[in-house]
Amino acid sequence: MEKAKLAPSILTADFTNLGETIALLEGCPAVGFVHFDVMDGDFVPNISFGAPVVRSLAGKARLPFDIHLMVTEPGRYAADFVTENTEYITVHAESATHLDRTLRLVRSLGVKCGAALNPATPPEALDYVLDIVDQVLVMSVNPGFGGQSFIPASLEKIRRLAGMREARGLDFKIGVDGGISRANVLDAVEAGAEIIVTGSAILDARDPGAELRAFDELIGGGME
Ligand code: DX5
Ligand code: ZN
């Protein structure tokens, strides 16, 4: 089994120093992606940033980008987030009226597509699109804000998705997003999560570098 990768979210980073933040993340072998939380103040009750922020880092960062669109009708905006670094564009099952069409649109842009599930949405919401998704992102908080508490029922959802994937012989990745800390990251990995989004636990830590190293040891990346 491949090792789980961290996808730190820059949502709570110091936006005047994003380059330094990315450099810090790039020094940690367990970090596989930079996670961008795009919020529109409509699908979620908060506004974060849009494509210009993502585009300004593309080409400068080495890490692939994991774009999480928490916006109404994400199909309208997906193309704006395609950059040389973009690996995944993830849309919410609850916000794309025509989810199948939106996922296919993302794929047609030449990047991988992800489908995110709010805490109250069952895995079965993806029954008929599971074969075209590259990632299922299990929200372990209600999206909109960093720093919330992990919702334990998410672990069962991750296990069920892993079971559905095996039963159907599919190979999408399972991500988990929200409230991840050193106290629960191994539970998420053991349940089957492979892309671990972390926001406040790392970037709001007093020493983000030390926190990253501690996460790295836990999930077995090993520091260079
Ligand atoms: C939630 C976002 C997150 C989140 C992660 O709306 O999708 O990626 O802010 O932050 P923490 O780890 O602080 O929950
Ligand atoms: Zn996110």
Side-chain angles (χ1 to χ4, degrees), residues 4-15 18 21-22 25 28 30-51 53-54 63-72 74 77-78 81 86-96 106 112-121 133-155 157-158 173-189 193-206 208 211-212 214-215 218-219:
K5 286 287 179 192
L6 291 175
S9 164
I10 56 142
L11 185 60
T12 60
D14 172 356
F15 278 36
L18 276 184
T21 301
I22 306 266
L25 301 179
C28 176
V31 173
F33 305 91
V34 185
H35 183 85
F36 290 89
D37 284 310
V38 179
M39 304 179 180
D40 68 350
D42 187 48
F43 176 61
V44 291
N46 197 8
I47 297 175
S48 57
F49 51 79
V53 171
V54 174
L63 283 167
F65 293 172
D66 181 35
I67 312 287
H68 180 191
L69 295 183
M70 286 164 277
V71 305
T72 299
Y77 310 101
F81 293 88
T86 305
E87 180 156 343
Y88 290 100
I89 294 181
T90 294
V91 302
H92 270 259
E94 306 84 2
S95 76
V106 170
K112 295 178 183 167
C113 69
L117 296 174
N118 278 342
T121 307
V133 295
D134 299 298
Q135 178 184 173
V136 176
L137 183 64
V138 174
M139 293 307 300
S140 38
V141 297
N142 288 291
F145 304 93
Q148 304 180 80
S149 301
F150 183 84
I151 297 173
S154 317
L155 294 175
K157 198 186 287 186
I158 294 169
K173 298 279 185 208
I174 300 176
V176 63
D177 186 359
I180 294 286
S181 67
R182 277 192 274 146
N184 57 23
V185 66
L186 288 182
D187 295 339
V189 171
E194 296 145 319
I195 299 175
I196 313 289
V197 180
T198 53
S200 51
I202 289 173
L203 290 186
D204 290 358
R206 206 177 314 159
E211 192 63 29
L212 264 178
F215 262 95
L218 266 182
I219 68 170

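Whatever order the structure lists ligands and atoms in, that order sets their numbers, starting from 1.
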Open item on the list: Under a 3.5 Å distance rule, please check whether Thr198 uses its side chain to pair with a backbone N or O of Ile180 as donor and acceptor.
Closed with: no
TODO: Could you tell me the separation between the OG1 atom of Thr90 and the CD atom of Gln135, rounded to the nearest 0.5 Å?
DONE: 4.5 Å
What short N/O contacts, under 3.5 Å, does ligand 1 make with the protein, listed by atom pair and distance?
| unit_1 | atom_1 | unit_2 | atom_2 | d |
| --- | --- | --- | --- | --- |
| ligand 1 | 6 (O) | Gly144 | N | 2.7 |
| ligand 1 | 7 (O) | Asp37 | OD1 | 2.9 |
| ligand 1 | 7 (O) | His68 | ND1 | 3.2 |
| ligand 1 | 7 (O) | Asp177 | OD2 | 3.0 |
| ligand 1 | 8 (O) | Asp37 | OD1 | 3.1 |
| ligand 1 | 8 (O) | Asp37 | OD2 | 2.7 |
| ligand 1 | 8 (O) | Asp177 | OD1 | 2.6 |
| ligand 1 | 8 (O) | Asp177 | OD2 | 3.1 |
| ligand 1 | 12 (O) | Gly199 | N | 2.8 |
| ligand 1 | 13 (O) | Gly147 | N | 2.7 |
| ligand 1 | 13 (O) | Ser200 | N | 2.9 |
| ligand 1 | 13 (O) | Ser200 | OG | 2.5 |
| ligand 1 | 14 (O) | Gly179 | N | 2.8 |

Task: Rounded distance [0.5 Å steps], OG in Ser48 versus CE in Met70 - done: 6.0 Å
Task: OG on Ser154 to CG on Asp187, rounded to 0.5 Å - done: 11.0 Å
- [ ] Mind checking how many protein N/O/S atoms fall short of 2.8 Å from the Zn ion (ligand 2)?
- [x] 4
- [ ] Assess whether side chain to side chain contact (heavy atoms under 4.5 Å, CB included) is satisfied between Val197 and His68, documenting all intermediate values.
- [x] CA-CA 10 Å; Val197 180; His68 180 191; over 6 Å; no
Open item on the list: Would you call the rings of Phe36 and Phe49 parallel, tilted or perpendicular, taking 30° and 60° as the class edges?
Closed with: perpendicular
Open item on the list: Main chain of Asp66, side chain of Glu87: is a donor-acceptor contact present, judged purely on distance under 3.5 Å?
Closed with: no
TODO: Using side-chain contact (heavy atoms from CB on, under 4.5 Å) as the criterion, point out the one residue from Ile196, Ile67, Ile195 that pairs with Phe33.
DONE: Ile195
TODO: Could you tell me the separation between the CD atom of Glu194 and the CD1 atom of Ile219, rounded to the nearest 0.5 Å?
DONE: 11.5 Å
